[in-house]
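Right, one structure below, let's go through it.
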Protein chains: 2
Amino acid sequence: MRSRENLIPVYYRLADDIKQQIEAGVLKDGDLIPTEAQLGEQYAISRMTVRQGIALLAEAGLIATVKGKGSFVTRPRLNQLVIDLTNSGVSKEQLRYKLVSVNLVRNNLELAHELGLSGETNIIAVKRLLFKGQLPVAIEEKFLRYQKGKPLLETQLEYADFPELVAKHQDSVPVRNDMVISVAALSAEQAKLLETEEVLPALVVKQVIYAKEDKPLGVSIMVCHKDRFELKATSYPLSGRL
Amino acid sequence: MRSRENLIPVYYRLADDIKQQIEAGVLKDGDLIPTEAQLGEQYAISRMTVRQGIALLAEAGLIATVKGKGSFVTRPRLNQLVIDLTNSGVSKEQLRYKLVSVNLVRNNLELAHELGLSGETNIIAVKRLLFKGQLPVAIEEKFLRYQKGKPLLETQLEYADFPELVAKHQDSVPVRNDMVISVAALSAEQAKLLETEEVLPALVVKQVIYAKEDKPLGVSIMVCHKDRFELKATSYPLSGRL
DNA sequence: CAGTGGTCTAGACCACCAT
DNA sequence: TGGTGGTCTAGACCACTGA
């Protein structure tokens, strides 16, 4: 029952039809869409195929299906925004990295606690500078558990993004990344690295990467020059496939 | 073929098994998982049921399926973080709102351009103050196209969040929300509203809500006190169902 | 009780990929 | 060419909802 001329699957066509009706206001927030049986009859397709289309709409947040009742039109989840770090701030191609320092930290209790370690464990601290062209835009500081027999190759230090770095260097598999965005003033040292005046505020982006069971694997703190870096987010990717 | 004792569906069990193997490192990044036919035989279930489990894993970003080849284990998309505005910053229960002003703006070219309007159109400007307990934490300024015959009721002004407000007041259906996060210094007026010193920097969160075909419906700008407000994001919700 | 979505089957044909 | 995932069917039984 696939459309003859088009290569697009039937269930996709069904989902798109309903999406159009929602975006045009024909189907409004709270409305019940036709039952799966009815849609199957309308499109002359089997119920399992209808369900495939329904699933697309539910995944995109356009409808919510309730067992025993039906599928309701819902306002898209515009309160859920996605930050894509691989694209945000500055496009990846323009970015250059410069390694500032690599250290072994010991007896830093606050850091050790954040990484779920005792104070005596060695922690690797990597500091990088991010450039956009010739302009330094951010200082990135990363802290990882010291993992024996897993040297941090310089290529990894220079190019890998943070989750990738953690994945390569740790034995545990990273499964979650938590982020906190805040504002802080630049220290004298940070201002010097960013080639700017001391008094400037900065955007601070802190990430903590976890393995399963909330085991922390690494911490990253980015201090971004306020006029050279922006974080972007959008609700769209969630419904990107439709 | 549903598990007899448990109420959990078989396809969910299959997905969870594979997820455990990935998180334990048994299946590594790039590995091929068994084919759908093999999994069907292993679990003694039909191929369509296997595919339901596979779909869960793909949705969570744990695997990527390639037509004609198979399903590969992939590192979870830790670079994609979700901001949930209904929970971020401060928990919703603690928030109080105070309406500062409602104005009709005309001939503000910059604003009109952002809303896709000519300079002579009326724009509604709503300014609110957000409190956490007795402390003002942020100034929220919203701009919407003036829509005839759709008054902004005061209850909506006080309580609705931004996408909800836009949905209620505009004829077009909102479908996308873009956000830019940056840093700026407080103006004297803003500092006074936030009951703080003038020189402080602030977190600035700007949102633009669009209808289909990139038609802008509304703009919201939140200016947040640096010590009283944080934005949180996490990669986890994307794989929350598993 | 009738109607709904949730799960599951045992097939089928196709498009794509590697060899 | 044989193997893979992508689509689709025409059934079935279940759990949940509401009257």
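Each chain gets a letter, A, B and so on, in the order its sequence line appears, and its residues count up from 1.
Per the geometry, CG belonging to B/Leu56 stands 13 Å off P belonging to C/dG6, to the nearest Å. Regarding A/Leu32, its CG atom lies at a distance of 12 Å from the C1' atom of C/dG3, rounded to whole Å. Rounded to whole Å, atom P of D/dC8 lies 11 Å from atom CZ of B/Arg51. A straight line from CZ of A/Arg13 to P of D/dC8 spans 13 Å, rounded to a whole angstrom. Atom C1' of nucleotide C/dT9 and atom CD of B/Glu41 are separated by 16 Å, given to the nearest angstrom. The distance between atom CD1 of A/Ile54 and atom C1' of C/dT4, rounded to the nearest whole Å, is 12 Å. The separation between B/Glu36 atom CD and C/dC14 atom C1' is 14 Å, rounded to whole Å. B/Tyr12 places its OH atom 18 Å from the C1' atom of C/dC8, with the value rounded to the nearest Å.
Under the salt bridge (Lys or Arg N to Asp or Glu O under 4.0 Å) criterion, B/Glu41 pairs with no residue at all, not counting sequence neighbours. Legend: residues meeting salt bridge (Lys or Arg N to Asp or Glu O under 4.0 Å) with A/Asp214, ordered by chain and number and at least two apart, are A/Arg176.
Between D/dT9 and A/Thr49, a contact under 4.0 Å exists linking OP1 or OP2 to a side-chain N or O. For C/dC8, the OP1/OP2 oxygens have no side-chain nitrogen or oxygen of B/Tyr11 closer than 4.0 Å.
Proximity note for B/Val10 (side chain, C-beta onward) versus C/dT7, C/dT4, C/dC8: the nearest is C/dC8. If you check D/dG5, C/dG5, D/dC8 against the side chain of B/Thr35, the one that comes closest is D/dG5. For B/Lys67, the side-chain atoms get nearest to D/dG5 when compared with the rest of C/dG6, C/dC8, D/dG5. Here D/dT17 is the nucleotide among C/dG6, D/dT17, C/dC8 with the atom lying nearest to any side-chain atom of A/Lys69.
Side-chain contact annotation: B/Ser220 with B/Lys206, donor-acceptor N/O pair under 3.5 Å absent. The closest side-chain donor-acceptor pair between B/Asn79 and A/Thr86, if any, does not fall under 3.5 angstrom. Side-chain contact annotation: B/Asp171 with B/Gln147, donor-acceptor N/O pair under 3.5 Å present.
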Report each atom pair, protein N/O against N/O of nucleotides 10-13 of chain C, whose distance is under 3.5 angstrom.
residue, atom, partner, partner atom, Å
C/dA12, N6, B/Arg47, NH1, 3.4

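Listed for the B/Arg96 side chain is no donor-acceptor partner under 3.5 Å among the backbone atoms of B/Leu130.
Contact annotation: the side chain of A/Lys127 never approaches that of A/Glu140 to less than 4.5 Å [non-hydrogen atoms, C-beta and beyond].
Remark on DNA chain D: of its neighbouring residues A/Gln52 and A/Gly68, the 5'-side contact belongs to A/Gln52, judged by nearest-heavy-atom nucleotide.
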